[in-house]
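As a basis for the values below, the full set of heavy atoms in this structure was taken, side chains included, without hydrogen atoms, waters or symmetry mates. Letters A, B, ... are given to chains in the order of the sequence lines, protein chains preceding strands, and every chain is numbered from 1. Bear in mind that the values here come from a model prediction, so they are computed numbers and not experimental data.
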Amino acid sequence: LHLGVTPSVIRKRYNLTSQDVGSGTSNNSQACAQFLEQYFHDSDLAQFMRLFGGNFAHQASVTRVVGQQGRGRAGIEASLDVQYLMSAGANISTWVYSSPGRHEGQEPFLQWLMLLSNESALPHVHTVSYGDEEDSLSSAYIQRVNTELMKAAARGLTLLFASGDSGAGCWSVSGRHQFRPTFPASSPYVTTVGGTSFQEPFLITNEIVDYISGGGFSNVFPRPSYQEEAVAKFLSSSPHLPPSSYFNASGRAYPDVAALSDGYWVVSNRVPIPWVSGTSASTPVFGGLLSLINEHRILSGRPPLGFLNPRLYQQHGAGLFDVTHGCHASCLDEEVEGQGFCSGPGWDPVTGWGTPNFPALLKTLLNP
Amino acid sequence: SYSPEPDQRRTLPPGWVSLGRADPEEELSLTFALRQQNLERLSELVQAVSDPNSPQYGKYLTLENVADLVRPSPLTLHTVQKWLLAAGAQKCHSVITQDFLTCWLSIRQAELLLPGAEFHHYVGGPTETHVVRSPRPYQLPQALAPHVDFVGGLHRFPPTSSLRQRPEPQVTGTVG
């Protein structure tokens, strides 16, 4: 029984023991980035760990903050990112990238990309809660940002982006409704994280789709070869496919994975806040678990995981709990009646391959 | 001249308001995304280091390797720097890969450099963030087309959070 998602609920659901923490001796590290001009307070993190971090070794402060932290009020998103990245990826050196203060003269997401191109030594795993509808961005910008994400993949950085909180999305193109993919979630060079809920809200049981979980098919990027087999199988077998006019079936499909995104406890401005929901929550959780796997890899002399998708799809999602119940939201019209895609066996455009079963995932990703 | 981003949304996001034209002597920073090289090769390398069946698996590039691969051509670097210098751009700084250049200019200089741009002050978002943006599309001299992908800091507004605090899940009597 639980009254909202806390680190111990996460660790129990994803089969983490109190031993599953960083060693504190490796050069492992992780980072979260948010561009909302929000601040986080170390004091909130310390209080969060006092409240919820009692049964696992953890670090009580971040290692490095990039971008000035104002004296402003802490933001829920900034607090949530740090608190769940550092409790899932416990006892691992953590950086926080936070956009500049009040009079930001630039585009914070662009500044983060420039930082990646200007620092040789960066954390291995980066969780990023940022996205815009593909159709609102110029193709020059989308293509160039995609190249920046490719540069990061070539360097072995694992970039995890939230899949978004509007389900399949919806907009009207020449009078007809279509689903609305978001970017960078739709980039073929990142791992995109969707969201789930517990089937029984107050019990740690199996997970179903969180109806807000972003997912679908890119209108800009063609399907990468690494996901051809999995997506083709979904398209040929899903009993609940929306009309083909709503989506681009040949596009890069996302998300790739998922984690709980519903009903989190967060401490912000010294106040514990319940029921915070969004894929901005599931992304740091999944990122933290990948950091733990990197820890084992680094301690056994292997390179970090890097760009995960080719391996993830090759292994057909081994080590993940497959989510097969539920659909996410979309257009409110008489044709689809608010329903987007539905989850099903194997990969699907709502929860990807599913949510992490840590010991099994560690086993499949440790070698080579 | 040509417009590098004709398809970029420039409408004001909900919750933002215009505070009027910016003063021509004010300063702002703009980011120039310079055209890179060898992107095909970069894509091949990403496949090689990310595929567990590849002999290159896990043999990642360093930032310096990536810089050597994608760095803009000398012609691009020279053309863009000459263009910015002539416009009076100051305090330009680059990154190790040299494919981004951030410079400070006065509003007047920026509007001369980027024909069509018109800078306004805006405030909005959950924390009343102030930004300077252009609601009108900008153009670049045709000669720059092979050298600049886009200019950042003109049209895109800071993102807003999509986290929500949902009321506790409605439970039909299963928990006392």
Side-chain angles (χ1 to χ4, degrees), chain A residues 1 35-38 72 75-77 80 99 102-110 114 117-120 130-132 135-141 144 147 150-151 153-156 164-166 189 197 200-202 262-263 273-278 280-281 302-303 306-307 309-311 314 368, chain B residues 4-9 28-31 33 36 39 42-43 45-47 49-53 57-67 70 95-97 99-100 102 125-132 149-150 152-153 155-156 158-169 171 174-175:
Chain A
L1 198 60
F35 311 105
L36 303 167
E37 197 242 318
Q38 285 192 5
I76 284 194
E77 186 135 359
L80 174 127
S99 59
R102 193 151 296 277
H103 287 272
E104 67 87 20
Q106 253 309 336
E107 301 182 33
F109 180 59
L110 214 46
M114 287 165 56
S117 275
N118 215 28
E119 295 247 1
S120 300
Y130 160 69
D132 264 317
D135 57 273
S136 74
L137 301 168
S138 67
S139 50
Y141 174 84
R144 176 55 188 265
T147 299
M150 191 163 45
K151 285 161 63 178
R155 295 169 63 192
D165 298 336
S166 308
Y189 292 103
S197 304
E200 294 293 331
F202 300 108
D262 187 13
I273 298 169
W275 310 124
V276 176
S277 300
S280 304
R302 286 192 185 74
F307 175 43
N309 286 12
R311 180 166 188 165
Q314 255 179 53
Chain B
E5 299 188 86
D7 48 349
Q8 169 63 47
R9 178 177 65 187
L28 86 164
S29 74
L30 294 174
T31 294
Q36 300 150 316
L39 298 186
L42 179 65
S43 173
L45 285 169
V46 170
Q47 313 295 334
V49 302
S50 310
D51 179 350
N53 301 325
Y57 180 66
K59 295 185 171 63
Y60 303 124
L61 281 66
T62 65
L63 177 57
E64 289 65 26
N65 299 150
V66 171
V70 304
V95 291
I96 289 175
T97 46
D99 47 9
F100 283 110
T102 297
T127 50
E128 297 294 294
T129 304
H130 282 254
V131 295
V132 173
D149 286 337
F150 69 88
H155 297 324
R156 283 169 289 275
T160 51
S161 172
S162 57
L163 270 184
R164 61 201 77 185
Q165 205 180 353
R166 268 187 272 193
E168 52 274 27
V171 181
T174 53
V175 175

| message | Please classify the contact between B/L45 and chain A as side chain, backbone, both or neither, with a heavy-atom cut-off of under 4.5 Å. | response | neither
| query | Between A/S120 and B/I96, is any pair of side-chain heavy atoms under 4.5 Å apart? | reply | yes
| task | Identify, with sequence neighbours excluded, every residue that meets side chain to side chain contact (heavy atoms under 4.5 Å, CB included) alongside B/P6. | result | B/S3
| query | B/Q8 and A/L137: side-chain contact (heavy atoms from CB on, under 4.5 Å), yes or no, with the steps? | reply | CA-CA 5 Å; B/Q8 169 63 47; A/L137 301 168; 4.1 Å; yes
| request: Heavy-atom pairs under 4.5 Å with chain A are the metric here; pick the option from B/G125, B/G152, B/A67 that has the most. | output: B/G152
| remark: Here the pair of heavy atoms bringing A/A153 nearest to B/V46 is CB-CG1, 3.9 Å
| request: Show the numbers, then the answer: is there a side-chain contact (heavy atoms from CB on, under 4.5 Å) between B/S43 and A/Y189? | output: CA-CA 10 Å; B/S43 173; A/Y189 292 103; 3.3 Å; yes
| query | Which bit of B/P159 is near chain A, if near means a heavy-atom gap under 4.5 Å: side chain, backbone, both or neither? | reply | both
| field | Winner by heavy-atom pair count (cut-off under 4.5 Å) against chain B, out of A/R302, A/Q314, A/R144, A/M150 | value | A/R144
| task | Return yes if some donor-acceptor pair links the side-chain N/O of A/E107 with the main-chain N/O of B/P158 below 3.5 Å, else return no. | result | no
| What part of A/L110 lies closer than 4.5 angstrom to a heavy atom of chain B: side chain, backbone, both or neither? | side chain
| request: Give the member of B/T102, B/N65, B/D149, B/T62 that has the highest number of heavy-atom pairs under 4.5 Å with chain A. | output: B/D149
| Is the shortest heavy-atom distance from the side chain of A/E119 to the side chain of B/L63 under 4.5 Å? | no
| field | Non-neighbouring partners of A/Y130 that pass ring pair (Phe, Tyr, Trp, His ring centres under 6.0 Å), sequence neighbours left out | value | A/F35, A/F109
| field | Identified side chain to side chain contact (heavy atoms under 4.5 Å, CB included) partner of B/Y57 from the options A/P310, A/P303, A/P368 | value | A/P368
| task | Would you check if A/P108 and B/R156 make a side-chain contact, meaning some heavy-atom pair closer than 4.5 Å? | result | no
| Heavy-atom closest pair, residues A/S117 and B/V95 | O-CB, 3.7 Å
